[in-house]
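Working notes, structure below.
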Amino acid sequence: MLSEVLSKMWQANIFTIFPDAFPGNLGVSVIGKALEKKIWNLNVIDLKRFPVKNDRIDSTPCGGGVGMVLSPITFQKAFDTLPKEEQKKRKIYFSPRGRQLKQKDLEDISQSDGVTILCGRYEGVDQRILDYYEMEEVSIGDFVLLGGEAAAMTILEGCVRLLPCVVGNHSSIDDDSFQNSLLEHNQYTLPQEFNEMKVPKVLLGGNHNEIKEFRTNQSKNITKKLRPDLWAKYIEENLK
Ligand code: SAH
């Protein structure tokens, strides 16, 4: 089953009124190379190509108020251009009132065959788009951006780095923060001394078991101090 899913190219469909924003940071470094190598595909759909009438894709809010709201007719016309298989994918609408995704959500998305994303602008989108297409509302934090494009790139970067063959050494991913509910240990490089601050001795000794134990303890202490909520989760998971 897993190999069947992985054999299809992982694809993100993005609906936006600013297609030029893409690939943005998804076009650089290992993620950009993976895009070139067709390990994943980015399908950006310009909502402006699907006007309702007179080139308009949005109108003022019913009931009054400032700003513009994306028309459900525009979204329907744009969505209907996707092949049937693509239409079945998990659908996300970026919105400040949505749920914040966790690393586990990104793992689930990366293990599926992709995701469809609607980026809002101005006052947002007509509620019937979200209800009819059963879109998940997702936020990247309790603050307000001007549009969903940066949010989409943030989440996609997190998903694509988990795809096979994107990051060279996959074991580096396994040690990262949030994997196993722990934050990452501190990192050091040369010189051994900087402004009278020394690299911990154990990291220079070459004893792999000692280094592993040191790093694990450091991860635990950092998580306990910075994220008591995560630490509680770690304790619960490891007492099972
Ligand atoms: N009137 C809306 C804000 C619209 S901001 C409200 O008060 O909730 C315009 C668009 O930016 C949104 O439709 C959404 O797609 C995007 N956006 C803004 N803040 C965001 C956040 N914290 N997370 C994800 N998307 C966000």
Side-chain angles (χ1 to χ4, degrees), residues 10-28 31 40 42-52 55-82 86-87 89-110 112 114-162 177-178 226-227 229-230:
W10 195 93
Q11 175 164 311
N13 304 301
I14 318 253
F15 292 92
T16 170
I17 62 169
F18 292 115
D20 294 350
F22 295 93
N25 60 313
L26 299 172
V28 301
I31 295 200
W40 70 290
L42 185 61
N43 178 27
V44 182
I45 300 122
D46 183 358
L47 289 164
K48 293 197 290 310
R49 285 176 37 226
F50 304 94
V52 183
D55 287 348
R56 293 241 51 107
I57 58 165
D58 50 13
S59 23
T60 52
C62 293
V66 293
M68 299 302 271
V69 176
L70 182 76
S71 159
I73 306 286
T74 287
F75 184 74
Q76 183 178 46
K77 284 184 183 177
F79 188 79
D80 283 351
T81 63
L82 285 184
E86 293 299 320
Q87 293 190 3
K89 281 182 179 168
R90 187 166 169 175
K91 298 170 202 67
I92 288 178
Y93 168 59
F94 279 107
S95 153
R97 68 180 193 187
R99 177 174 77 92
Q100 287 181 37
L101 296 185
K102 303 273 187 269
Q103 186 65 17
K104 174 75 177 67
D105 297 297
L106 270 56
E107 280 167 23
D108 290 346
I109 296 172
S110 72
S112 71
V115 64
T116 292
I117 291 173
L118 170 59
C119 305
R121 277 273 159 179
Y122 312 117
E123 275 321 298
V125 307
D126 189 299
Q127 179 62 33
R128 291 165 295 178
I129 299 176
L130 309 183
D131 295 343
Y132 184 80
Y133 294 97
E134 297 181 337
M135 293 213 162
E136 229 175 297
E137 281 189 74
V138 168
S139 165
I140 59 163
D142 289 347
F143 43 79
V144 180
L145 303 170
L146 281 170
E149 289 76 12
M153 281 179 220
T154 303
I155 296 300
L156 282 180
E157 184 168 315
C159 293
V160 173
R161 73 185 271 282
L162 297 173
S177 298
F178 305 116
L226 299 182
R227 290 288 302 270
D229 58 322
L230 269 188

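Both ligands and their constituent atoms are indexed starting at 1 by order of listing.
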Practice task
Among all protein heavy atoms, pick the one closest to atom 5 (S) of ligand 1 and tell me residue, atom and distance.
Solution key: Leu145 O, 3.4 Å
Practice task
Closest by any non-hydrogen atom to atom 10 (C) of ligand 1: pick that one out of Ala151, Gly67, Cys119, Gly120.
Solution key: Gly120
Practice task
Check each heavy atom of Asp142 against ligand 1 and say whether those closer than 4.0 Å belong to the side chain, the backbone, both or neither.
Solution key: neither
Handout entry: Asp55 atom CG: more than 12 heavy-atom contacts under 6.0 Å
Key = no
Fill in the blank from the handout: Counting from 1 in the order shown, the ligand 1 atoms closer than 4.0 Å to a non-hydrogen atom of Gly147 are 10 (C), 11 (O), 16 (C)
Practice task
Might you check, step by step, whether the distance between atom 13 (O) of ligand 1 and some protein heavy atom is under 4.0 Å?
Solution key: yes
Handout entry: ligand 1-proximal atoms of Ser95, by part, heavy-atom distance under 4.0 Å
Key = backbone
Problem - Interfacing atoms of ligand 1 (cut-off 4.0 Å, heavy-atom, Tyr122) - result: 4 (C), 5 (S), 9 (C)
Problem - Close side-chain approach of Arg90 to Asp108, heavy-atom, < 4.5 Å - result: yes
Practice task
Would you kindly specify which portion of Leu146 sits under 4.0 Å from ligand 1, judged on non-hydrogen atoms: side chain, backbone, both or neither?
Solution key: backbone
Exercise for the section: Could you list the atoms of ligand 1 found under 4.0 angstrom from a heavy atom of Gly148? Expected result: 11 (O), 15 (O), 16 (C)
Exercise for the section: Side-chain contact test, heavy atoms from C-beta onward, threshold under 4.5 Å: evaluate it for Leu230 versus Phe178 and give yes or no. Expected result: yes
Handout entry: Location of contacts on Tyr93 toward ligand 1, heavy atoms closer than 4.0 Å
Key = side chain
Fill in the blank from the handout: A student checking ligand 1 against Val144 at a 4.0 Å heavy-atom cut-off should list atoms 5 (S), 19 (N)
Completion exercise
side-chain hydrogen bond (donor to acceptor under 3.5 Å, both in side chains) pairs touching residues 146-160, sequence neighbours excluded, are Thr16-Glu149, Asn25-Glu157, Arg121-Glu149
